[in-house]
2 protein chains.
Amino acid sequence: MIRISTKTQYGLRAMVYLAKNKKKTCSLKEISKAEKIPFDYLEKIVSRIEKSGLIESKRGSHGGYFLARSPSKVKTGEIVRVLEGREGLVSCIADKNGRKRNCPLSKKCLTKKFWLRIQNSLEKALNSITLANLIAK
Amino acid sequence: MIRISTKTQYGLRAMVYLAKNKKKTCSLKEISKAEKIPFDYLEKIVSRIEKSGLIESKRGSHGGYFLARSPSKVKTGEIVRVLEGREGLVSCIADKNGRKRNCPLSKKCLTKKFWLRIQNSLEKALNSITLANLIAK
DNA sequence: TTAAAACCGACTATTATTGTCGGTTTTAGT
DNA sequence: ACTAAAACCGACAATAATAGTCGGTTTTAA
Ligand code: FES
Ligand code: FES
């Protein structure tokens, strides 16, 4: 089966943690401990998410991170997109620096539309679930 | 976006080629040329597919490969599964040597069920399309 | 003033992917 | 019987992606 990178899994776990604790700002140390994610790696991941605008930070002592929107407004697809980077399920599908190895077939290719269809279905699934859905139940 | 390996893309293209030419046995050379896939790499890929039983081979001069079943009986999901190997969209989901890094959370984890759900939706999409669907239209 | 935090860039290690090579075996055609 | 074309096989190599680490700087509350 296709694999989701552990980076993305870590990222989602961190986001879920923030959603569960949306009252306060959570430090990396706290998240790292609770979710058992290597501190330094988590930092890189969270920093990336922050740049995307999904979360915000407060610096200095007692600083930390918190969601920029309410959990019900954050689709899991957004998180995956930020962390997985790269456009396109396959390289032939247009690319925003996921490295498009320019395909010699393209026109005659019978598989391109297929992958596109799979990609759409995947995106639809991811975008139909929010952080709020995850922490409910 | 999550990426499908080029191995799997090559493999699907090869299968589509066999489906289009289901009358005859096709040599690797032929497929390799038509689909612009590196010969030696294609060999490895096709050999893997053959072991799975989706295609059969005929050795010796004038040998080649052909589909083991009719195109309408071959789900794209089967091809992807064979080539992508590994069970589970994420490592926490049970694994048939996709390397399960045993997860310390598991019980409390809110994301596992989510990934499982995505995986199911993906598999459903892949299994709803056959080689016959791809070569039609 | 200090300690805890975010922030940053460079670096390393490991693993996965993609591809190559040199052969052996099988088989149809001559 | 010989030859050429094919499948078959295992080991290797190059590259790229992932996962993780390190040594710092800056900001801020207490
Ligand atoms: S493989 Fe590139 S368009 Fe189909
Ligand atoms: S991260 Fe392993 S079960 Fe959720």
Side-chain angles (χ1 to χ4, degrees), chain A residues 1-11 13-14 18 24-33 35-52 55-66 68 80 83-86 88 90-91 95 97-101 103, chain B residues 1-11 13-14 18 24-33 35-52 55-66 68 80 83-86 88 90-91 95 97-101 103:
Chain A
M1 178 53 57
I2 305 146
R3 269 288 159 88
I4 293 283
S5 66
T6 83
K7 175 164 56 167
T8 298
Q9 295 176 58
Y10 285 164
R13 296 227 302 267
L18 291 181
K24 53 170 188 156
T25 75
C26 309
S27 73
L28 288 177
K29 196 173 164 192
E30 180 188 347
I31 303 172
S32 157
K33 259 183 193 150
E35 294 291 333
K36 306 243 196 324
I37 301 171
F39 182 91
D40 290 312
Y41 197 22
L42 177 63
E43 180 177 287
K44 270 215 312 200
I45 295 168
V46 163
S47 132
R48 179 103 171 264
I49 300 177
E50 203 232 338
K51 267 166 199 141
S52 83
I55 60 180
E56 287 172 18
S57 67
K58 182 157 166 293
R59 298 186 65 163
S61 189
H62 292 83
Y65 293 91
F66 52 95
V80 172
L83 293 174
E84 226 43 52
R86 276 168 325 182
V90 294
S91 37
D95 130 296
N97 279 9
R99 221 68 123 299
K100 176 169 176 176
R101 61 175 71 206
C103 183
Chain B
M1 177 54 56
I2 304 146
R3 268 287 159 90
I4 294 283
S5 66
T6 84
K7 174 164 56 167
T8 297
Q9 296 176 57
Y10 285 163
R13 297 227 302 267
L18 292 181
K24 53 171 190 157
T25 74
C26 309
S27 73
L28 287 178
K29 197 173 164 193
E30 180 187 347
I31 303 172
S32 157
K33 258 182 194 149
E35 294 291 334
K36 307 245 197 319
I37 302 171
F39 182 90
D40 290 311
Y41 196 23
L42 177 63
E43 180 177 286
K44 270 216 311 201
I45 295 169
V46 164
S47 130
R48 178 104 172 262
I49 300 176
E50 203 233 340
K51 268 166 199 142
S52 83
I55 61 181
E56 288 172 19
S57 66
K58 183 159 165 292
R59 297 187 63 163
S61 188
H62 294 81
Y65 294 91
F66 51 95
V80 173
L83 293 173
E84 234 28 63
R86 281 168 320 183
V90 293
S91 39
D95 132 294
N97 279 8
R99 223 71 122 295
K100 177 169 174 175
R101 61 174 72 207
C103 182

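Predicted model only: the values in this text are computed from it and were never measured. Here is how names work: the chains are called A, B, and so on, in the same order as the sequence lines, proteins then strands, and each is numbered from 1.
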If I take atom CD1 in residue A:Ile2 and atom P in nucleotide D:dA17, what distance separates them, rounded to the nearest angstrom? 18 Å
Count the heavy atoms belonging to other residues, nucleotides or ligands that lie under 6.0 Å from NZ of B:Lys29, then report whether that count exceeds 12. no
Is there, by distance only and without an angle test, a donor paired with an acceptor across the side chain of A:Glu50 and the base of C:dC7 below 3.5 Å? no
Any donor-acceptor pair under 3.5 Å linking the side chain of B:Thr6 with the backbone of B:Gln9? no
Among D:dG20, D:dA29, D:dA7, which nucleotide has an atom closest to any side-chain atom of A:Pro38? D:dG20
Can you tell me if A:Lys33 has over 12 outside heavy atoms packed within less than 6.0 Å of its NZ? no
Length of the CD-C1' vector between B:Glu84 and C:dT17, whole Å: 11 Å
Which whole-number value in Å describes the distance from B:Ile4 CD1 to C:dA16 P? 17 Å
Measure the distance from CD1 on A:Ile37 to P on D:dT21 and round it to the nearest whole Å. 13 Å
I want to confirm an ordering. Mapping A:Ser61 and A:Leu42 to their closest nucleotides on DNA chain D, which one lands closer to the 5' end? A:Leu42
Identify which nucleotide among C:dG19, C:dA4, D:dA19 has an atom closest to any side-chain atom of B:Thr6, counting heavy atoms from C-beta outward. C:dG19
Minimum-distance nucleotide (side-chain atoms of B:Tyr41 versus D:dA19, C:dT20, D:dC8): C:dT20
Send over the distance from A:His62 NE2 to C:dT2 P, rounded to a whole Å. 18 Å
Examine distances only and state if a side-chain atom of A:Arg3 and a backbone atom of B:Gly88 form a donor-acceptor pair shorter than 3.5 Å. yes
Tell me whether the side-chain N/O atoms of A:Ser57 come closer than 4.0 Å to OP1 or OP2 in C:dC7. yes
Measuring from the side chain of B:Ser5 (C-beta onward, heavy atoms only), which nucleotide among C:dT18, D:dA6, C:dA4 has the closest atom? C:dT18
Per nearest nucleotide of DNA chain C, the residue lying toward the 5' end, A:Gly60 or B:Gly60, is A:Gly60
For B:Thr25 and B:Phe66, which heavy atoms make the closest approach, and how far apart are they? CG2-CD2, 3.6 Å
Of the options C:dA3, D:dG20, D:dA7, whose atoms approach the side-chain atoms of A:Tyr10 most closely? D:dG20
Using a heavy-atom cut-off of under 4.0 Å over every strand shown, decide if B:Lys29 touches base, sugar-phosphate, or nothing. sugar-phosphate
Rounded to whole Å, CD of A:Glu43 lies from C1' of D:dT21 at a distance of 11 Å
Starting from the 5' end of DNA chain C, give me the residue, A:Gly63 or A:Lys51, whose nearest nucleotide shows up first. A:Gly63
Of all the choices, D:dA19, D:dC8, D:dA5, which nucleotide is nearest to the side chain of A:Lys7 once you look at every atom? D:dA19
Calculate the interatomic distance between A:Asp40 atom CG and C:dA13 atom P; express it in whole Å. 16 Å
Residues A:Lys24 and A:Glu30 bridged, charged N to O under 4.0 Å: yes
Distance-only donor-acceptor test (3.5 Å): side chain A:Arg59, base D:dT26: yes
The nucleotide from D:dC8, D:dA6, D:dG20 with an atom nearest the side chain of B:Tyr65 is D:dC8
To the nearest angstrom, how far is A:Arg48 atom CZ from D:dT18 atom C1'? 12 Å
